Amino acid sequence: MIVRAMSSSTQPIKTVAIIGSGLMGSGIAQVAAASGHKVTVVDQSQEIVDKASASIQKSLGRVVKKKFPDDSKAQQTYIADVMSHLSLQTDAVDAVKSADLVIEAIVENLDVKKSLFSSLDKAAPPHTIFASNTSSIPIKDIASSTTRLDRFGGLHFFNPVPVMKLVEVIRIPETSDETYSALEAFGKAVGKTTVQCKDTPGFIVNRLLVPYMMEAVRLVERGEATPRDVDIAMKLGAGYPMGPFELSDYVGLDTMKFIIDGWMEREPNNPLFSKSELLNKLVAEGKLGVKSGEGFYPYNKK
Ligand SMILES: CCCCCCCC(=O)CC(=O)SCCNC(=O)CCNC(=O)[C@H](O)C(C)(C)COP(=O)(O)OP(=O)(O)OC[C@H]1O[C@@H](n2cnc3c(N)ncnc32)[C@H](O)[C@@H]1OP(=O)(O)O
Ligand SMILES: NC(=O)C1=CN([C@@H]2O[C@H](COP(=O)(O)OP(=O)(O)OC[C@H]3O[C@@H](n4cnc5c(N)ncnc54)[C@H](O)[C@@H]3O)[C@@H](O)[C@H]2O)C=CC1
């Protein structure tokens, strides 16, 4: 049964709960807090949210160096002000009770996302809008776990969130115009350019980016070039800021595997989505990219 909101979703979004404080959740939290929203970030343990808090402060440190180059007092004041808009906790159900908007940025797994949203749906007020930051899972499949299809959409941010200027705003057929407008306004309020896309696999960016990145992996698997040379080629020959292997490590090889496995399941005969032994091997070895200290390349462990 779908319970419709009274009409309050036309109100501007002031309080935001972000579930998942990894690469994306912490970035989204940072830009939401920096634009004056009251933000609660949730993850599975105190240790994880503490790590997220430290990473947000580090990222803010980079922002203030540019914003106030020669004024360390202004830098500290700005960081303290942004951090005062943020609270971090481990209870998602509690966090959504006062939220105008819930943004989910947890692991790229449909069952885990559905289970989360199903419990949040019971706890959040009727006016609360739900959005997923999924890279590749149909929004309608995630939304089906709730009774608020008219207040559900996709808000797809890009990594690193404080730097990348785009948000894809996704609507499913049931998404109300009020919800869509509120999501679009939120994207703009956090300083991003928004584009609209239907609920198609990968939306706009990933529908083009995922096959490109997987082709790069297959090229290396065939022994045609090394990751290093592919990266140099795409940076110097095509003007990309990172080559596909640097970008894969930056995104996270586990996330990349979740995406490609999900698409392969949906379209088993599409060669663009075929699996990669090399990617599977690295993930099985715990080599997830920058976040684990090694992926296609080694990194300094922090
Ligand atoms: C098979 C499946 C695979 C698909 C996966 C799907 C994943 C998704 O769903 C969608 C995605 O997000 S795809 C990834 C999209 N992101 C990219 O393509 C990033 C490409 N890389 C870059 O733009 C730059 O290398 C980058 C900006 C990262 C770094 O730039 P530089 O190399 O020039 O390095 P810096 O000089 O350190 O940084 C440039 C400016 O940015 C600031 N900055 C960087 N990271 C920051 C951060 N985390 N927080 C705050 N500020 C940050 C940095 O301070 C610097 O600022 P300026 O000094 O003002 O230029
Ligand atoms: N990594 C990337 O470049 C991008 C990823 N995305 C999407 O954003 C989402 C998150 O990705 P990342 O931040 O990269 O992953 P991540 O692995 O860095 O962080 C995920 C976080 O979610 C937490 N988590 C898992 N289950 C949870 C639960 N039930 N409740 C609360 N927290 C939970 C984990 O502890 C972890 O901290 C995924 O859907 C991914 O596809 C979207 C754009 C870019």
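One is the number of the first residue; the rest follow in order along the sequence. Counting starts at 1 for both ligands and their atoms, in listed order. In this text, all values refer to a predicted model and were calculated from it rather than measured experimentally.
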Atom 58 (O) of ligand 1 touched by protein heavy atom at under 4.0 Å: no
Nearest-option assignment for atom 8 (O) of ligand 2, heavy atoms, candidates Asn133, Leu23, Val49: Asn133
Within the 6.0 Å centroid threshold, strictly below: Phe245 and Tyr297: no
Under 4.0 Å to a heavy atom of Lys291 - the qualifying atoms of ligand 2, by number: 16 (P), 17 (O), 18 (O)
For Pro162, the ligand 1 atoms whose distance to one of its heavy atoms is below 4.0 Å: 49 (N), 50 (C)
From the candidates Ser276, Gly202, Ser135, the one that places a heavy atom nearest atom 9 (O) of ligand 1: Ser135
Sub-4.0 Å protein heavy atom next to atom 26 (C) of ligand 1: no
Close-contact set for ligand 2 against Asn159 heavy atoms, below 4.0 Å: 3 (O)
Check: Val210 and Met213 side chains under 4.5 Å, non-hydrogen atoms: no
Identity of the nearest option to atom 44 (C) of ligand 2, non-hydrogen atoms only, from Gln44, Met24, Glu108: Met24
Arg148 to Phe130, cation-pi by 6.0 Å centre distance and 45° axis angle: yes
Min N/O separation Tyr250 to ligand 1 under 3.5 Å: no
Ligand 1 atoms in contact with Leu209 (distance to a heavy atom under 4.0 Å): 13 (S)
Heavy atom of Gly252, distance to ligand 2 below 4.0 Å: no
His156 touching ligand 1 at heavy-atom level, < 4.0 angstrom: yes
Heavy-atom protein contact below 4.0 Å for atom 36 (O) of ligand 1: no
For ligand 1, the portion of Met164 having any non-hydrogen atom under 4.0 Å away: side chain
Met234 side chain near Pro244 side chain, heavy-atom distance below 4.5 Å: yes
Heavy-atom check, side chain of Phe157 versus side chain of Met164, under 4.5 Å: no
Atom 29 (C) of ligand 1 protein-contacted, heavy-atom criterion under 4.0 angstrom: no
Heavy-atom nearest neighbour of atom 30 (N) of ligand 2 within options Ile19, Leu247, Asp91: Ile19
Atom 43 (N) of ligand 1 within contact range, any protein heavy atom under 4.0 Å: yes
For atom 52 (C) of ligand 1, the option (of Thr255, Val210, Val163) bearing the nearest heavy atom: Val163
Per-atom contact, atom 6 (C) of ligand 1, protein heavy atoms, under 4.0 angstrom: yes
Part of Ile259 within contact of ligand 2 (heavy atoms, under 4.0 Å): neither
Per-atom contacts of ligand 1 with Met213, taking only distances under 4.0 Å to non-hydrogen atoms: 3 (C), 4 (C)
Nearest neighbour of atom 22 (O) of ligand 2 from the list Ile106, Val251, Val42, on a heavy-atom basis: Ile106
Region of Val205 engaging ligand 1 - heavy atom pairs below 4.0 Å: neither
Which segment of Ile48 sits under 4.0 Å of ligand 2 when only heavy atoms are counted: side chain
Distance filter under 4.0 Å to Met242 heavy atoms, resulting ligand 1 atoms: 20 (C), 21 (N), 25 (O), 28 (C)
Sub-4.0 Å atoms of ligand 1 with respect to non-hydrogen atoms of Phe158: 10 (C), 11 (C), 12 (O)
Any protein heavy atom nearer than 4.0 Å to atom 55 (C) of ligand 1: no
Lys188 atom NZ, neighbour heavy-atom count above 12 within 6.0 Å: yes
Residue selection (non-hydrogen contact nearest atom 37 (O) of ligand 2) among Asp43, Val205, Ile28: Asp43
Separation of Lys192 NZ from Ile28 CD1 (nearest 0.5 Å): 10.0 Å
Candidate with minimal heavy-atom separation from atom 15 (C) of ligand 1, of Asn133, Ile260, Ile259, Asn159: Asn159
Non-hydrogen atom of Phe158 closer than 4.0 Å to ligand 2: no
Parallel, tilted or perpendicular: rings of Tyr212 and Tyr240 (30°, 60°): tilted
Residues Thr40 and Gln89: side-chain donor-acceptor under 3.5 angstrom: no
Within-cutoff protein neighbour (heavy atom, under 4.0 Å) for atom 21 (N) of ligand 1: yes
Asn206 near ligand 1 by a heavy-atom separation under 4.0 Å: yes
Per atom 20 (C) of ligand 2, closest listed option by heavy atom (Ser45, Ser135, Ala105, Gly20): Ala105
